[in-house]
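Beneath this line is the structure, given in structure tokens, with notes to follow.
Everything quoted here is computed from the prediction, not taken from an experiment.
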Amino acid sequence: MKEIMAILPASVRSILTALPSAVREHLEEIRLRQNQPMEIRYGQQSSYVTPSGQLTANARQGWIFSEEQSVKLLNQVSHHSLYALEEELKRGYITVVGGHRIGIAGKVVLEKGEVKGIRDVTSFNIRIAREKKGAAHSVLPFLFENGRVHNTLIISPPQCGKTTLLRDIARSLSYGSEWSSSRKVGIVDERSELAGCLNGVPQRDVGPRTDVLDACPKAVGMMMLIRSMSPDVLIVDEIGRTEDGEAVWEAIHAGVAVICTAHGADVSEVAQRPTLGRLIKYGAFSRYIVLSRANGVGTVEAVYDGGLTRVEREKIAWLS
């Protein structure tokens with residue numbers, strides 16, 4: 001929480017510090033909406049927070065996040081230079097030190113029909129990134145066959161731990177494990193969530209043989225890493241655009257294994273999306289890992305092979 005506390009206005013910090021320790025340890029989101037009560041999500045629960053740091057279901061008892069606090073938070077996050085965050089504001093979120101992501105909402109500015117940025121920011125959703133070493137242990141046996149790494153798609157609804165799992169897969173591949181020798185790993189970290197880079201240096205443990213392209217578009221980054229760093233495995237979070245799909249095909253045909261993620265409840269839902277549907281239809285992936293929160297964050301619902309035959313049945317929760 002140190003990185004999060006450092007960017008928050010003092011009044012918000014003091015309230016969060018007063019929260020019960022069990023709640024602070026499991027914080028997932030801090031939602032701050034101008035002129036509305038502060039809301040937090042922890043475990044699988046949501047609550048408003050009173051001025052004294054108590055939890056309540058009554059919105060009228062919650063501490064109100066004012067316009068003044070909103071301006072202070074935006075200044076803290078941007079280091080008083082919104083211009084420096086122009087590209088991130090277009091995407092609707094800001095990534096801060098440690099890989100934590102702050103979603104924003106407000107007045108959208110359009111230029112020729114495209115989003116130029118967001119001004120008058122009035123809502124913040126601070127999503128807390130957590131490093132969970134060992135998160136990949138239960139799925140590692142399914143990622144290898146005859147000495148090669150399966151091209152793998154991790155499918156997960158929001159807030160089910162896919163980024164945490166992907167980070168630990170990268171770390172495990174880089175260090176090596178009982179299932180495989182060490183591999184050269186390339187991470188394209190478009191939102192700075194996986195490695196949490198600061199000045200280009202990963203703040204998260206992603207392994208000693210891992211090269212990271214930070215804040216780089218996925219499709220461009222995959223091609224750059226293949227040409228410059230000759231990775232054995234490419235790690236990419238949240239693919240979906242047409243150019244992402246083309247880059248995945250390029251990587252696979254260049255002999256590089258790809259492990260990536262996509263939002264969705266299951267394979268059939270993800271297959272309805274044009275780019276991902278084509279990748280699935282034409283056999284880009286030989287493994288699918290489906291996550292949920294059924295037994296807590298990070299529940300492995302199932303693992304499927306390229307023919308969508310289930311190869312793993314037991315549900316395992318590695319982060320609860």
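- The residues Glu39 and Arg33 are annotated as salt-bridged, a charged nitrogen and a carboxylate oxygen being separated by less than 4.0 angstrom.
- Contact annotation: the side chain of Glu28 never approaches that of Ile128 to less than 4.5 Å [non-hydrogen atoms, C-beta and beyond].
- Of the residues listed (Ile280, Val311, Thr152), the one engaging Tyr288 in a side-chain contact (heavy atoms from CB on, under 4.5 Å) is Ile280, and it is the only one.
- Using modelled atom types, one finds no donor on one side chain facing an acceptor on the other under 3.5 Å when comparing Gln34 with Thr122.
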Which side-chain N or O atoms in residues 226-233 pair as donor and acceptor under 3.5 Å with protein atoms at least two apart or in another chain?
| residue | atom | partner | partner atom | Å |
| --- | --- | --- | --- | --- |
| Ser228 | OG | Met224 | O | 2.7 |
| Ser230 | OG | Lys184 | NZ | 3.2 |
| Asp232 | OD2 | Lys184 | N | 2.8 |

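- Judged by distance alone, with hydrogens and angles left aside, the side-chain atoms of Ser52 form no donor-acceptor pair with the main-chain N or O of Thr50 at under 3.5 Å.
- Residues Ile155 and Asp266 have side chains not in contact (no heavy-atom distance under 4.5 Å, counting atoms from C-beta outward).
- Val248 places none of its side-chain heavy atoms less than 4.5 Å from the side chain of Val236.
- At least one donor-acceptor pair under 3.5 Å links the side chain of Arg209 to the backbone N or O of Ser182.
- With salt bridges taken as basic N to acidic carboxylate O contacts below 4.0 Å, none links Glu190 and Arg101.
- Side-chain contact of Asn125 with Tyr93: a donor-acceptor pair under 3.5 Å is absent, judged by distance alone.
- A donor atom on one side chain and an acceptor atom on the other are not found under 3.5 Å apart for Asn151 and Ser286.
- Using modelled atom types, one finds no donor on one side chain facing an acceptor on the other under 3.5 Å when comparing Ser172 with Ser177.
- Taking the salt bridge (Lys or Arg N to Asp or Glu O under 4.0 Å) definition, one finds that Glu29 meets it with Arg31, sequence neighbours left out.
- Residues Gln69 and Leu32 have side chains not in contact (no heavy-atom distance under 4.5 Å, counting atoms from C-beta outward).
- A distance-only check finds a donor-acceptor pair linking the side chain of Asp168 to the backbone of Ala135 [under 3.5 Å].
- Using a distance-only test at 3.5 Å, with no hydrogens or angles considered, no donor-acceptor pair links the side chain of Arg204 to the main chain of Arg167.
- Taking a cutoff of 4.0 Å between a charged side-chain nitrogen and a carboxylate oxygen, Lys162 and Glu238 qualify as a salt bridge.
- A salt bridge does not link Asp305 to Arg287: none of the charged nitrogens lies less than 4.0 Å from a carboxylate oxygen.
- Partners of Trp249 according to the ring pair (Phe, Tyr, Trp, His ring centres under 6.0 Å) rule, which considers only residues two or more places apart in sequence or in another chain, are His253.
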